[in-house]
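I have placed the structure first, in the form of structure tokens, so that the comments after it can refer back to it.
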Amino acid sequence: MKPTFLRLYALLIAYVLNVGNVNAQEQSQPKLFDGLYGGIEISMQNIYGGAFLDNVDVLQEDTRAIGSIIAGWRKQFDKGLVIGIEGQFGLTDGNLRREQYEGLVNIDYANSSQIALGIKFGYALGVEKDWLLFGYTTIARRSFDITVSAPSGTFSQEDIQGILQYGVGIEKRWKNGWGVRATAGTVYTDFGDLVTNIDVTGKIDTALALTYQF
């Protein structure tokens, strides 16, 4: 991911935090999407690993399950606008294998976890404003240990990824603190000038989460 984009993303997170501090004195009816929250999430995401061989980024991809612990903070304004940030730590089923690349080598891609940090913008709806429609953008980091087996021998590489994820979601909250949400989205990938063997864009990631608002 390009450094300029990472700086812009950091500025957006700083803005979200600052807006919450500036409006901390607002008085209104109880807000169901305000403050610290946590939860667990099960998602199906497009996972891909890359090995650099002969000036080609050799990718292997699949849709795999990820189980995540989530923690975040959000600010709900009187009119229903909700903004916030969220972090995740997930355990992945990320071990992939590409056999007989160009008839010569086998490639194993080993991954077991990911971390993510994201921004959410939404609007609380309903008579009690207990439904939240929102959009999100997240930076996810994955690291793969690559093992390439060729006739000439075996060697290793490391593939460290910064992935931009974005999409939409809906969350239902109850007054006892619990909530449930569903999301659907996709990813943006930037390989720069690298040549890749396949296109990994266009697939849909989905997730279900159980949340608790503190």
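Start at 1 with the first residue, then count along the sequence. Keep in mind that the numbers below use all heavy atoms, side chains included, and drop hydrogens, waters and symmetry copies.
- Considering OG1 of Thr196 and CD of Glu61, their distance stands at 11.0 Å, rounded to 0.5 Å.
- For the pair Gln114 and Ile47, the minimum side-chain heavy-atom distance is 4.5 Å or more.
- The 12-atom threshold is not exceeded at CG of Asp54, counting heavy atoms of other residues, nucleotides or ligands nearer than 6.0 Å.
- Both Tyr109 and Phe155 are part of a single hydrophobic cluster, where members link through side-chain heavy atoms under 4.5 Å apart.
- The side-chain heavy atoms of Val56 and Tyr101, taken from C-beta on, include a pair separated by under 4.5 Å.
- Distance check, rounded to the nearest 0.5 Å: CG of Asn111 to CG of Leu91 gives 10.0 Å.
- Legend: residues meeting side-chain contact (heavy atoms from CB on, under 4.5 Å) with Gln100, ordered by chain and number and at least two apart, are Asn106.
- The two atoms that bring Gln157 and Ala51 nearest to each other are OE1-CA, 3.5 Å, heavy atoms only.
- Although no hydrogens or angles enter the test, the distance criterion places no donor-acceptor pair under 3.5 Å between the side chain of Asp78 and the main chain of Gly80.
- Phe121 places none of its side-chain heavy atoms less than 4.5 Å from the side chain of Thr137.
- For Ile69, there are no side-chain contact (heavy atoms from CB on, under 4.5 Å) partners two or more places apart in sequence or in a different chain.
- In this structure, Arg173 does not pair ionically with Asp130, as no charged nitrogen and carboxylate oxygen lie closer than 4.0 Å.
- Here the shortest heavy-atom pairing between Asn197 and Leu59 reads OD1-N, 2.6 Å.
- None of Arg142, Arg64, Lys203 except one satisfies the side-chain hydrogen bond (donor to acceptor under 3.5 Å, both in side chains) rule with Gln45; the exception is Arg142.
- In terms of hydrophobic clustering, with Ile, Leu, Val, Met, Phe, Trp and Tyr side chains grouped at heavy-atom distances under 4.5 Å, Leu96 and Ile66 are assigned to a common cluster.
- Glu158 contributes no side-chain N or O that, together with a main-chain N or O of Ser143, makes up a donor-acceptor pair within less than 3.5 Å.
- Using modelled atom types, one finds a donor on one side chain and an acceptor on the other under 3.5 Å when comparing Glu86 with Tyr37.
- Between Phe134 and Tyr136, the ring-plane angle classifies as tilted under the 30° and 60° cut-offs.
- Here the closest non-hydrogen pair linking Phe52 and Leu194 is CE1-CD2, 3.6 Å.
- Under the 4.5 Å side-chain heavy-atom criterion for Ile, Leu, Val, Met, Phe, Trp and Tyr, Tyr212 and Val82 are members of distinct hydrophobic clusters.
- Transitive grouping of hydrophobic side chains (ILVMFWY, heavy atoms separated by less than 4.5 Å) brings Trp73 and Phe214 into a common cluster.
- A 4.5 Å side-chain heavy-atom check between Ile163 and Tyr48 finds at least one atom pair inside the cut-off.
- Judged by distance alone, with hydrogens and angles left aside, the side-chain atoms of Thr63 form no donor-acceptor pair with the main-chain N or O of Asn46 at under 3.5 Å.
- Considering all non-hydrogen atoms of both residues, Thr147 and Ser156 come closest at OG1-OG, 4.4 Å.
- Going from atom CG of Asp57 over to atom CG of Asp193 covers 12.5 Å, rounded to the nearest 0.5 Å.
- What you find for Gln88 and Ser68 is that their closest heavy atoms are OE1-OG, 3.9 Å.
- In this structure, the separation between NZ on Lys129 and CG on Leu32 is 10.5 Å, given to the nearest 0.5 Å.
- Using a 4.0 Å cut-off between a side-chain N of Lys or Arg and a carboxylate O of Asp or Glu, Glu171 and Lys120 do not qualify as a salt bridge.
- Shortest non-hydrogen contact noted between Ser149 and Thr154 is OG-OG1, 3.9 Å.
- At a threshold of 4.5 Å between side-chain heavy atoms, the hydrophobic network of Ile, Leu, Val, Met, Phe, Trp and Tyr places Ile70 and Leu210 in two separate groups.
- No hydrogens or angles considered: a donor-acceptor pair under 3.5 Å links the side chains of Gln161 and Asp159.
- Atom-to-atom distance recorded for Asp145:CG and Asp108:CG is 11.0 Å, nearest 0.5 angstrom.
- No side-chain heavy atom of Leu208 sits under 4.5 Å from any side-chain heavy atom of Ile42.
- By the 4.5 Å heavy-atom criterion applied to side chains, Tyr123 and Leu133 are not counted as neighbours.
- With values rounded to the nearest 0.5 angstrom, Leu132 atom CG is found 5.0 Å from Phe33 atom CZ.
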Test side-chain contact (heavy atoms from CB on, under 4.5 Å) on Phe77 and Ile83; report intermediate values, then the result. CA-CA 9 Å; Phe77 299 91; Ile83 60 175; 4.0 Å; yes
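- Counting heavy atoms from C-beta on, the side chains of Thr211 and Trp178 never come closer than 4.5 Å.
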Take Thr201 and Thr186 through the test side-chain contact (heavy atoms from CB on, under 4.5 Å) and record every step on the way to the result.
CA-CA 8 Å; Thr201 60; Thr186 188; over 6 Å; no
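- You'll find the side chain of Ile107 reaches within 4.5 Å of the side chain of Ile146, heavy atoms only.
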